[in-house]
Amino acid sequence: MFSIYILTYNEEVEIAGCIESVSSLSDDIIVVDSYSSDRTVEIAQQYDVRVVQHVFESHGRQRTWMLKEVPTQHEWVYLLEADERMTPELFAECLQAQESSEYIGYYVAERVMFMGRWIRHCTQYPRYQMRLFRKDKVWFTDYGHTEREVFDGATEFLKETYPHYTSGKGFSRWLEKHNRYSTDEAKETLAQLEKGDVNWQKLFFGKSEVERRRALKDLSLRLPFRPLTRFFYMYFLLGGFLDGRAGLTWCILQLFYEYFITLKVWELRHGQTRPI
């Protein structure tokens, strides 16, 4: 068996479905809440789960605090977001994978669910995240609006995937969230442009999708007309047009998200302009 962490903040719409996807599978479920102001905690407490709260500082710090300070019944843990779901097939593969003594962690690919359908093409599927791992071998650092894992040992990739419902709380919530995300991404973009570089070897010969994708992102920060370039890449090269209206909407939203980042990069470089 392995323990499951569910990270939440104002997830009253999603939390019940998330817990119910694992409640019959795992005997140790911990909801780590960032002091939600809605009914998230109230709903979670209706289930057989533990609820702990901690002030949110950043994604990386929240995960690292959770791993260090919140005890679990099992050595292996799985990270689950409130708008994601565990499937029986993925759970079974996780049980089998943790029996291996060769690996300390496993990446799992998401299936982005948007406007009622799976956006398979323009989301870089299969896009992997570190989700199942030995609790004492993995921690996280901040990167942009999210985090990146740091680990001590060999890792592998699972075949089963998990659904990620990205628009369950409506477009207004999506836009508000990505407006906040773009601020962190702008700061990370400036740091990468000033101190980082492109790892061309990993870009073309990376051993995994994760290495190639992260090298591609470092390259994309240096491309001209980034918002339009991203739209062209996602809609035409990745095949977003095959994802129908939902795919077109997704690509347009990503274009605007990229534009938010470029505007905030300019703002950080030049300072806010004030009328005289």
Side-chain angles (χ1 to χ4, degrees), residues 58-61 63-64 103-110 112 119-131 133 138-157 164 166 177-241 243 247 250-271:
S58 66
H59 288 85
R61 291 180 182 180
R63 284 159 173 73
T64 298
Y103 303 108
I104 57 89
Y106 294 87
Y107 290 89
V108 187
E110 66 176 349
V112 173
I119 309 298
R120 178 170 184 171
H121 298 90
C122 56
T123 54
Q124 295 178 291
Y125 177 84
R127 181 184 174 96
Y128 289 92
Q129 308 286 340
M130 173 66 73
R131 290 309 171 102
F133 52 86
V138 178
W139 60 98
F140 292 88
T141 60
D142 293 322
Y143 185 92
H145 79 270
T146 181
E147 76 289 330
R148 285 189 176 177
E149 67 282 351
V150 182
F151 48 85
D152 179 20
T155 60
E156 187 53 277
F157 297 80
H164 180 191
T166 58
K177 183 171 64 175
H178 282 77
N179 179 44
R180 289 187 286 106
Y181 287 174
S182 64
T183 300
D184 294 331
E185 285 293 329
K187 294 176 183 178
E188 187 63 44
T189 295
L190 274 182
Q192 288 296 315
L193 291 176
E194 293 173 358
K195 301 178 182 179
D197 55 15
V198 179
N199 191 320
W200 296 97
Q201 181 176 359
K202 288 185 177 180
L203 178 63
F204 293 105
F205 306 107
K207 297 179 180 179
S208 68
E209 180 274 338
V210 176
E211 287 188 351
R212 295 189 296 272
R213 169 165 48 86
R214 291 177 177 175
L216 179 62
K217 180 171 184 178
D218 290 338
L219 172 63
S220 72
L221 300 179
R222 294 160 172 80
L223 296 177
F225 310 108
R226 279 172 51 195
L228 292 175
T229 301
R230 183 169 185 177
F231 178 86
F232 181 85
Y233 171 72
M234 294 176 63
Y235 193 70
F236 294 104
L237 298 186
L238 291 183
F241 60 90
D243 292 315
W250 181 264
C251 292
I252 292 174
L253 287 174
Q254 297 302 320
L255 182 154
F256 279 106
Y257 177 51
E258 200 69 46
Y259 189 54
F260 290 164
I261 297 172
T262 59
L263 284 176
K264 292 180 181 182
V265 168
W266 182 92
E267 188 175 56
L268 289 172
R269 280 175 166 169
H270 297 88

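- For the atom pair CZ (R131) and CD (E110), the distance works out to 7.5 Å, reported to the nearest 0.5 Å.
- Shown here are the side chain to side chain contact (heavy atoms under 4.5 Å, CB included) partners of T64, two or more places apart in sequence or in another chain: K68, W139, F140.
- You'll find the side chain of F157 reaches within 4.5 Å of the side chain of S208, heavy atoms only.
- Taking R61 as the reference, E57 meet the side chain to side chain donor-acceptor pair (under 3.5 Å) condition, with sequence neighbours excluded.
- In this structure, I261 and A186 approach most closely via the heavy-atom pair O-CB, 3.9 Å.
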Practice prompt. Evaluate the side chain to side chain contact (heavy atoms under 4.5 Å, CB included) criterion for residues K264 and N179: first the C-alpha distance (whole Å), next the side-chain angles of each, then the deciding distance (0.1 Å), finally the verdict.
Written response: CA-CA 10 Å; K264 292 180 181 182; N179 179 44; 2.9 Å; yes

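- For T123, the side chain to side chain donor-acceptor pair (under 3.5 Å) test picks out no residue, with sequence neighbours left out.
- Sequence neighbours left out, the pairs with a member in residues 177-203 that pass ring-ring contact (aromatic ring centres under 6.0 Å, His included) are H145-Y181, W174-H178, H178-Y181, H178-Y257.
- For the ring-ring contact (aromatic ring centres under 6.0 Å, His included) test, no residue two or more places apart in sequence or in another chain qualifies with F260.
- A salt bridge (charged side-chain N to carboxylate O under 4.0 Å, His left out) check over residues 183-200, counting only residues at least two apart or in different chains, returns the pairs E185-K217.
- Between the CG atom in L268 and the CH2 atom in W266 there is a gap of 10.5 Å [rounded to 0.5 Å].
- Distance check, rounded to the nearest 0.5 Å: OG1 of T166 to NZ of K177 gives 7.5 Å.
- The structure places CD of Q129 at 9.0 Å from OH of Y107, a figure rounded to the nearest 0.5 Å.
- Partners of R127 under the side chain to side chain donor-acceptor pair (under 3.5 Å) rule, at least two apart in sequence or in another chain, are Q124.
- In terms of heavy atoms, I104 sits closest to V138 at CD1-CG2, 4.0 Å.
- Counting only distance, with no hydrogens or angles, the side chain of K202 and the backbone of V210 share no donor-acceptor pair below 3.5 Å.
- The stretch residues 204-215 participates, sequence neighbours left out, in these salt bridge (charged side-chain N to carboxylate O under 4.0 Å, His left out) pairs: E149-R214, E209-R213.
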Return all side-chain donor-acceptor pairs below 3.5 angstrom for residues 225-238, not counting sequence neighbours, or 'none' if the list is empty.
residue	atom	partner	partner atom	Å
R226	NE	E258	OE2	3.1
R226	NH2	E258	OE2	2.3
T229	OG1	P224	O	3.1
T229	OG1	F225	O	2.9
R230	NH1	E258	OE1	2.7
R230	NH2	Q254	OE1	3.0

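- Two residues are said to be in side-chain contact when any heavy atoms from C-beta on lie closer than 4.5 Å; R269 and L193 meet this criterion.
- Considering all non-hydrogen atoms of both residues, D243 and H121 come closest at OD1-ND1, 2.9 Å.
- Considering only residues two or more places apart in sequence or on other chains, R222 meets the side chain to side chain donor-acceptor pair (under 3.5 Å) condition with none of them.
- Between the side chain of D142 and the backbone N or O of G60, at least one donor-acceptor pair lies under 3.5 Å.
- The two residues C122 and G240 have their closest heavy-atom pair at CB-CA, 3.6 Å.
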